[in-house]
Amino acid sequence: MEKKPSNIKQRKENFTTTSGIEIQQTYPNTNKTIEEPGSFPFTRGAHQQMYRSRLWTMRQYAGFSTAEASNKRYHYLLKQGVMGLSVAFDLPTQIGYDSDHDMADGEVGKVGVAIDSIEDMQRLFKDIPLANISTSMTINATGFILLALYIAVAKQQGADVKKLRGTIQNDILKEYAARGTYIYPPQASMRIITDVFEYCSKEVPLWNTISVSGYHIREAGSTAVQELAFTLANGKAYLQAAIDKGLDINVFAKRISFFFNAHNNLFEEVAKFRAARRMWANITKSMGATEPKAQMLRFHTQTGGSTLTAQQPLNNVSRVTLQALSAVLGGTQSLHTNGYDEALALPTETAAKIALRTQQIIAHESGVTDTVDPLAGSYFIESLTDEIEQKALDLIDITDKMGGMVKAIEKGYVQQEIANSAYRYQQAIEDGSMPIVGVNQYTETETDNIPTLSIDDSIRQVQTDKIVALKASRNSEKAQQILQHIEQHAKDGVNLMPTVIEAVEHKVTLGEIADVLRGVFGEHLG
């Protein structure tokens, strides 16, 4: 039947996703054949049963002040039903400075927990058996040191290291492109990452050695398509680096996971997640992966921090619910939901509990977990999945022609593309073409009185006192000897992980290890 033209005026002249993809009024039946969930290329899900057999891991990203304070929050979250811990570290820890360093002044414990030594790591996980829990650590430049500390504490607890489960983010390329918490130049950083791949494949085989992160690319202002493209292009770079080191893609690719953002455009986000699985399956296959688990994209999702508003902050509960729903409909393996107050400060216990309850309500009350990929076959979703995939592949093709993501980042291409998108997005908010409830639509003059969490500057002195006591109690000669070994191994290309583990076990600090490697590799100045 011929479609009759409508004389009804539309709300907007153009309907588009946040990536600029035009949304049609209706979508035709494409009669497309869709593969089953759990089979190549995994568009419909990584596993055949998905949430019918097991729900996603419910995490809450937490860490602030001292290890003792964070430990208290972890115990609270575990009692509320969290299934896995997700650790946030402060900026000095992220960029390799101990709390007593001049560069740490004003930042100790502010955006995450301060970890300087094995004693801090012991306090962080006090009375939490690491053998029985999955831990995700959002750490990159010093990720290998935090992993060493985690392994050392697990050994002290009597855990079988080969059975430890968890993830270190360990994704340095997105730091150069979008976030900035790097230490060493790109090539040296890639060498450290492949050392982690090699060590864990033999010694900690269940550990996810890298979480390739699109989250921070999106937070820096990218579109959904750019987030997808640049994340998978980074993944390709890590695959190639490991292959060049002589590692078997069918072994190490199984331990690569991904970390995506979820924003407010529900269908675009669902389609992005579905396209990601299909694209990664084809990428790994093209690079030599033959085992299904090496071709399978598994991912953690966090709701969009940059979408939270300081104005009318309780509206953020609705935003987080939409975003969490998109992650579940898209087939995530792990999920963190932001607290409604995070545009103002670190989340309070109340905000964190509401965020967790949001996941639990979706899981147990919404019904969306009762069937696999419930939006499959929707003309709109299938078309949008295809279009997002093609646009992302076009961007990856551009970075490939530049010589890969390392070269594209060194040339500034990725950074400029993200910056351009961020500028366009901010312009759209300011001119009102991108409506944000409570910000440029439905605004109010009165402010909400929301209690917030604050971190005292005295934390730095507390941490400094701990460092002084630690160094007084250790064998200084042995500590210096191990630091010399790290320096020599860095120069000789020997895998750094065994010596770094030995170092932290002998109370060498994170900053001391990072500084030795600064002396060998230099620092990346941006």
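Computed from a predicted model, the values in this text were never measured in an experiment. In this chain, numbering begins with 1 at the start of the sequence shown.
Between I396 and M279, the shortest heavy-atom contact is CD1-CE, 3.7 Å. Residue T167 comes nearest to S257 through the heavy atom pair CG2-OG, 3.8 Å, listed as atom of the first residue, atom of the second, then distance. I362 and W56 get closest at one heavy-atom pair: CG2-CH2, 4.1 Å. Closest approach of N140 to N170, counting heavy atoms only: OD1-N, 3.3 Å. Scanning all heavy atoms of the two residues, the minimum distance from V225 to I21 falls at CG2-CD1, 4.2 Å.
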(message) Pair D127, H75 - check side chain to side chain contact (heavy atoms under 4.5 Å, CB included), show working.
(response) CA-CA 9 Å; D127 298 326; H75 281 284; 3.8 Å; yes
Q: Take R73 and F64 through the test side chain to side chain contact (heavy atoms under 4.5 Å, CB included) and record every step on the way to the result.
A: CA-CA 9 Å; R73 175 66 66 87; F64 58 92; 3.9 Å; yes
Could you go through E35 and R44, starting from their C-alpha distance and side-chain angles, then the distance that decides it, and tell me whether this counts as salt bridge (Lys or Arg N to Asp or Glu O under 4.0 Å)?
CA-CA 7 Å; E35 82 283 347; R44 298 197 61 197; over 6 Å; no
Go through the steps to decide whether N316 and N338 satisfy the test side chain to side chain contact (heavy atoms under 4.5 Å, CB included), and finish with yes or no.
-> CA-CA 9 Å; N316 295 327; N338 288 329; over 6 Å; no
Requested in this report: Begin with the C-alpha distance, continue with both residues' side-chain angles, and end with the deciding distance and a verdict on ring-ring contact (aromatic ring centres under 6.0 Å, His included) for Y150 and W207.
Outcome: CA-CA 11 Å; Y150 192 88; W207 193 267; 5.1 Å; yes
I'd like to know whether H300 forms a side chain to side chain contact (heavy atoms under 4.5 Å, CB included) with Q333, so could you lay out the CA-CA distance, the side-chain angles of the two residues, the decisive distance to 0.1 Å, and finally the verdict. CA-CA 6 Å; H300 169 72; Q333 277 63 65; over 6 Å; no
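Side-chain contact between V87 and F125 is present, with at least one heavy-atom pair separated by less than 4.5 Å. Side-chain contact between V414 and Y176 is absent, with no heavy-atom pair separated by less than 4.5 Å. Put simply, the side chain of T358 does not reach to within 4.5 Å of the side chain of T303, judged on heavy atoms. Inter-residue side-chain proximity for L395 and Q226 is flagged as met; some heavy-atom pair is nearer than 4.5 Å. Two residues are said to be in side-chain contact when any heavy atoms from C-beta on lie closer than 4.5 Å; M137 and T135 meet this criterion. At a threshold of 4.5 Å between non-hydrogen side-chain atoms, the residues Y238 and L173 count as touching. Residues K174 and Q169 meet the side-chain proximity criterion, which asks for heavy atoms closer than 4.5 Å. Residues S326 and N264 have side chains not in contact (no heavy-atom distance under 4.5 Å, counting atoms from C-beta outward).
Without hydrogens or angle criteria, S189 side chain to I172 main chain gives no donor-acceptor distance under 3.5 Å. Proximity of a side-chain donor or acceptor of S286 to a complementary backbone N or O of I283 within less than 3.5 Å is detected. N440 places a side-chain N or O within 3.5 Å of a backbone atom of I429 that can act as its donor or acceptor partner. Here the side chain of Q94 pairs no donor or acceptor atom with the backbone of I139 at under 3.5 angstrom. A donor-acceptor pair is defined here as one N or O able to donate and one able to accept, closer than 3.5 Å; such a pair exists between the side chain of S222 and the backbone of I217.
In this pair, Y27 and F380 present their aromatic rings tilted. The plane angle is within the 30 to 60° band. The aromatic rings of Y215 and F259 sit parallel, their planes meeting at an angle under 30°, below the 60° perpendicular limit. Between F230 and Y413, the ring-plane angle classifies as perpendicular under the 30° and 60° cut-offs. F42 and F40 have perpendicular rings, their planes meeting at more than 60° on a 0 to 90° scale where under 30° would count as parallel.
Heavy atoms from other residues, nucleotides or ligands lying under 6.0 Å from CD of Q24 number more than 12.
Using a 4.0 Å cut-off between charged side-chain N and carboxylate O, R179 and D171 make no salt bridge. A salt bridge links K272 to E227: one of the charged nitrogens lies within less than 4.0 Å of a carboxylate oxygen. Taking a cutoff of 4.0 Å between a charged side-chain nitrogen and a carboxylate oxygen, E269 and R274 do not qualify as a salt bridge.
Distance check: L85 CG to S134 OG gives 8.5 Å after rounding to the nearest 0.5 Å. Between T209 atom OG1 and I168 atom CD1 the span is 7.0 Å, to the nearest 0.5 Å. Distance check: T443 OG1 to I436 CD1 gives 13.0 Å after rounding to the nearest 0.5 Å. Taking CE of M405 as the start and CG of L232 as the end, the distance is 10.0 Å to the nearest 0.5 Å.
Every residue meeting the salt bridge (Lys or Arg N to Asp or Glu O under 4.0 Å) condition with D457, not counting sequence neighbours, appears here in chain and number order: K110.
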